[in-house]
Structure formats: structure tokens, C-alpha cells
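Everything on this sheet refers to the single structure shown next.
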There are 2 protein chains.
Amino acid sequence: MTEINTALFRHFEKYISLSDELKSALNDRISFAAFKKGELVHDANKICTKSYFIQKGLFRAYFIKDGKEISEYFPAENEWSNSPKSFITRQKDIYFIEAIEDSETFCLSVEDLVFLFDHYPEMERYSRLSMGTVFGHLMERITSLRFTTAKEKYEHFIRTYNDIHHRIPLGMVASYLGIAQETLSRIRSER
Amino acid sequence: MTEINTALFRHFEKYISLSDELKSALNDRISFAAFKKGELVHDANKICTKSYFIQKGLFRAYFIKDGKEISEYFPAENEWSNSPKSFITRQKDIYFIEAIEDSETFCLSVEDLVFLFDHYPEMERYSRLSMGTVFGHLMERITSLRFTTAKEKYEHFIRTYNDIHHRIPLGMVASYLGIAQETLSRIRSER
DNA sequence: TAAAACATTTGACCCAGATCAAAAAATCAC
DNA sequence: GTGATTTTTTGATCTGGGTCAAATGTTTTA
């Protein structure tokens with residue numbers, strides 16, 4: 001059991017308790033993967049078969065609309081990252097994922113995850129509970145997108161991405177918020 | 001096993017297979033509840049301890065902002081309805097739920113659900129898988145809210161709420177979409 | 001370290017959709 | 001069925017923020 005895995009185990013233990021048996025099953029199935037800044041982690045032209053737990057670094061999930069990259073969200077330290085629909089349904093979806101910083105991750109394949117679900121019911125519980133957390137974030141984001149000015153959207157973003165927001169280039173933040181780059185620049189300058 | 005429960009069992013069986021044992025456990029714990037049009041199903045001033053599976057009818061989840069009711073979503077036939085965060089965390093949250101039509105539902109309490117999770121791991125799996133579906137809807141909605149005109153938002157709404165959309169009053173649709181009532185009225189008239 | 005590539009800022013202009021106001025239509029309650 | 005309430009429509013006006021264009025700043029690469 002490496003030093004490295006402790007961050008990941010700690011993450012699981014926020015939701016369930018890990019038996020030694022499950023720990024070793026996880027260890028057997030999870031591998032290490034590093035990405036350089038700008039490197040493509042997942043290509044929308046392929047089916048997403050892997051999920052990455054970010055130990056250090058920062059990713060960006062985005063899709064292309066009218067030839068422009070639209071950022072969808074920014075998976076960071078201690079979060080899983082994949083193309084959700086593609087990963088679950090085993091079909092292609094629209095999302096690309098790239099590393100916006102040099103990153104270190106733990107990698108788990110769908111097949112291995114399915115194996116874990118089938119043999120360790122706690123993993124189902126972990127999945128249910130952790131999805132609940134993300135669920136809440138999505139609902140908050142929907143509310144924030146509907147009845148707020150551009151400035152309020154930006155302020156909500158800063159709250160959500162707390163210590164990460166300054167690591168994300170302005171243009172990416174603008175498309176994440178659904179506002180023009182120029183507008184965001186003006187908002188920033190008047191603070 | 002009543003005739004009525006078949007709709008609910010069919011719903012579960014979209015995700016997992018139900019053993020006779022689980023079926024009877026569900027039967028023991030699920031009760032029937034009817035609501036009249038306009039009746040409050042859940043009050044934001046209380047903790048949400050029950051989840052309702054709508055067999056017939058239509059609900060609306062909303063919250064109050066600046067004294068006005070903002071519709072969040074419209075749970076309909078063959079869907080569960082509750083105040084998600086309140087139900088999960090056992091704390092108060094901002095959502096009210098009301099029946100916008102005379103409705104018939106099956107009711108399951110948190111305690112009973114927890115019991116089912118603890119004794120039937122398939123239920124954890126059901127929960128994980130069905131949350132995945134909802135997850136996809138939320139992500140689509142986020143995309144639809146960001147880069148679209150009021151008309152496109154309305155068209156996306158009609159696609160999402162397919163055969164239900166004509167049962168929802170205009171004003172509620174407008175606040176769901178985050179556009180002014182007047183704008184929605186104009187969009188409708190020019191179709 | 002220069003020049004190419006990329007990201008951010010600033011300026012001018014314009015329009016989708018918000019807001020305010022009031023009429024018309026639909027629904028409800030007695 | 002009729003008046004009262006609620007909901008929807010229509011009209012007039014105004015503004016936040018989008019778009020286009022160009023300047024400035026910052027990274028990257030060779």
C-alpha cells in the first residue's frame with residue numbers, strides 16, 4: 001500500500017469504511033497516471049473507459065460548440081474525473097478532458113469498477129452517496145445560472161471554486177459561466 | 001400485491017431485478033397517498049422525510065426568491081419526488097412541493113428507505129443507476145441554460161417535458177426557464 | 001531574445017429580453 | 001351564472017451584456 005493511495009482511501013472513507021480486503025482490491029485495480037499541462041486526458045471521439053482520481057493538478061472538461069471550446073467543469077484535487085455519460089453508457093459523448101496543469105492521478109477502468117460493484121456492495125453505497133454531493137452542486141449551479149447577473153455568476157463561481165479559481169484562465173471561466181470573455185474581463189477590472 | 005404497485009415495480013425493474021422477498025419488503029413499507037390540486041406536498045419549513053412516487057398526476061418543486069415563486073422542476077408520472085438535499089441530509093432546504101393536478105402517489109419514508117438500503121444491496125444499485133439518469137438531465141439543462149436564446153430554452157423545455165408541457169401553466173414554465181413571463185408569452189404566440 | 005502564438009483588456013455599438021403598465025382572457029368561488 | 005381573482009397577452013421603454021474590432025500583455029518555441 002503506497003503512501004500515494006492514502007489520499008484516495010481518505011476520499012472513500014468520507015462515505016464508507018474500507019475493509020482491508022476492499023483496500024487491497026482497490027490497490028490491485030488502481031494504477032498511477034501522470035499528465036502534462038495541455039495534454040488530452042480523454043478524447044470525445046472515443047468511448048470513455050477510465051476514471052481518474054486527481055491527486056495533484058487540475059483538469060478541464062469541455063465540448064465544442066460553433067467551433068469554440070465551452071468549459072463544462074474543472075475537476076481538481078481529490079475528485080474523480082471522466083466523461084460521465086460516456087463512462088456509464090459506454091457510448092461516445094461530447095466531452096473532451098484536458099489537463100490544465102501538470103497532474104498526477106489514479107486511474108480506474110470501467111471493467112474494474114464494475115467488478116468492484118459486483119463484489120463489494122459498499123462500493124455501490126459509496127457511489128450513491130458521493131453522487132448525492134455532486135447532485136447538490138449541479139442544482140446550485142442551475143439556480144445560479146437562471147436569475148443572476150454576470151457579476152453574480154462570477155461571484156458564485158469564486159465561491160464554488162474557492163482556492164482553485166485563480167488557476168483557471170479567464171477565457172475558460174467565461175465559457176463555463178456562459179458569459180462573454182470581454183464581459184468577464186470588465187467585471188474583474190472593477191473589483 | 002395490489003394492481004397499483006405494478007407501475008412502481010416496473011420502474012424499479014428498469015434498473016434491477018426484484019426478488020419476491022424485496023417486493024414484499026417494498027409492499028410492507030410503501031403506502032398510498034393522494035393529493036388535491038393546489039395542495040402542499042412538502043413544506044420548506046420542515047425537514048423532508050418522505051419520498052413520493054407519482055402514479056398519476058403532476059407536482060411542482062419551487063422556492064421563493066424576492067417574494068416570487070421560482071419553479072425548480074416538475075416531477076410527473078413514474079418519477080420520485082422529494083426535496084433532495086433535505087431528504088438526504090435531514091436538514092431543512094428551500095424547496096416547497098405542491099400538486100398542480102389531483103395526484104395519486106406511493107409514499108416511502110427515509111427510515112424505511114435506509115432500512116431497505118441496509119438489507120437489500122440491490123436497492124443501493126437501483127439508487128446509483130437511477131441517479132445516473134437524473135444526472136444526465138441536469139447536465140443537459142445546465143448546457144441549455146448557458147448558451148441559448150429564450151426561444152431555444154423553451155424548445156428544450158418542450159423536448160424535455162414532452163407530453164407534460166401543456167399541463168403546466170405559463171408562469172411556472174417561465175420561472176423554470178429563468179425568463180420573464182411576458183417573453184414566454186410572446187414566444188408562444190409566434191409559433 | 002525575437003517573433004510567433006495566445007490571452008486579456010478596452011472601446012464603440014446594438015439588440016434580446018427585462019421591466020413597467022394595463023387590457024383581455026380564463027378560472028374560481030359562492 | 002356572475003362577480004372576483006388569477007393568468008395570459010399586448011404595448012412601450014430601457015439596459016445588461018453580446019458582438020466586432022483593435023490594442024496591449026503574456027507565454028511559448030526555436
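Letters A, B, ... are given to chains in the order of the sequence lines, protein chains preceding strands, and every chain is numbered from 1. Since the structure is predicted, the reported quantities are computational estimates derived from the model, not experimental observations.
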Look only at the side chain of B/D102 and the backbone of B/K37, and say whether a donor-acceptor pair between them is shorter than 3.5 Å.
yes

Which one, [options], comes nearest to the side chain of [X]?
| X | options | value |
| --- | --- | --- |
| A/A150 | D/dT8, C/dA21, D/dG17 | D/dG17 |
| A/S189 | C/dG17, C/dT10, C/dA18 | C/dT10 |
| A/S185 | C/dT8, C/dC20, D/dT8 | C/dT8 |
| A/K37 | D/dT28, D/dT19, C/dT8 | D/dT28 |

To the nearest Å, give me how far apart [atom1] ([X]) and [atom2] ([N]) are.
| X | N | atom1 | atom2 | value |
| --- | --- | --- | --- | --- |
| B/E101 | C/dT27 | CD | P | 14 Å |
| B/F147 | D/dG18 | CZ | C1' | 12 Å |
| A/K36 | D/dT29 | NZ | P | 12 Å |
| A/I179 | C/dT9 | CD1 | P | 12 Å |
| A/L145 | D/dG17 | CG | C1' | 15 Å |
| B/H166 | C/dA26 | NE2 | P | 17 Å |
| A/R188 | C/dA7 | CZ | C1' | 11 Å |
| B/E190 | D/dT9 | CD | P | 12 Å |

Decide if atom NZ of B/K68 counts as having more than 12 heavy atoms of other residues, nucleotides or ligands within a radius under 6.0 Å.
no

Indicate the atoms forming the closest heavy-atom contact of B/S71 with B/R60, along with that distance.
OG-NH1, 3.0 Å

Pick the closest DNA chain C nucleotide for A/I168 and for B/G178 by heavy atoms, then say which residue is nearer the 5' end.
A/I168

Would B/R128 count as a cation-pi partner of A/F117, with NZ or CZ less than 6.0 Å from the six-membered ring centre and within 45° of the ring normal?
yes

Closest-nucleotide ordering on DNA chain D, the 5'-leading residue of B/Q181 and B/R186:
B/Q181

Connected via hydrophobic side-chain network under 4.5 Å: A/F32 and A/Y52
no

Which part of the nucleic acid does A/L184 contact within heavy-atom distance under 4.0 Å: base, sugar-phosphate only, or nothing?
nothing

So what does B/A180 hit on the nucleic acid, given a heavy-atom distance under 4.0 Å: a base, only sugar-phosphate, or nothing?
base

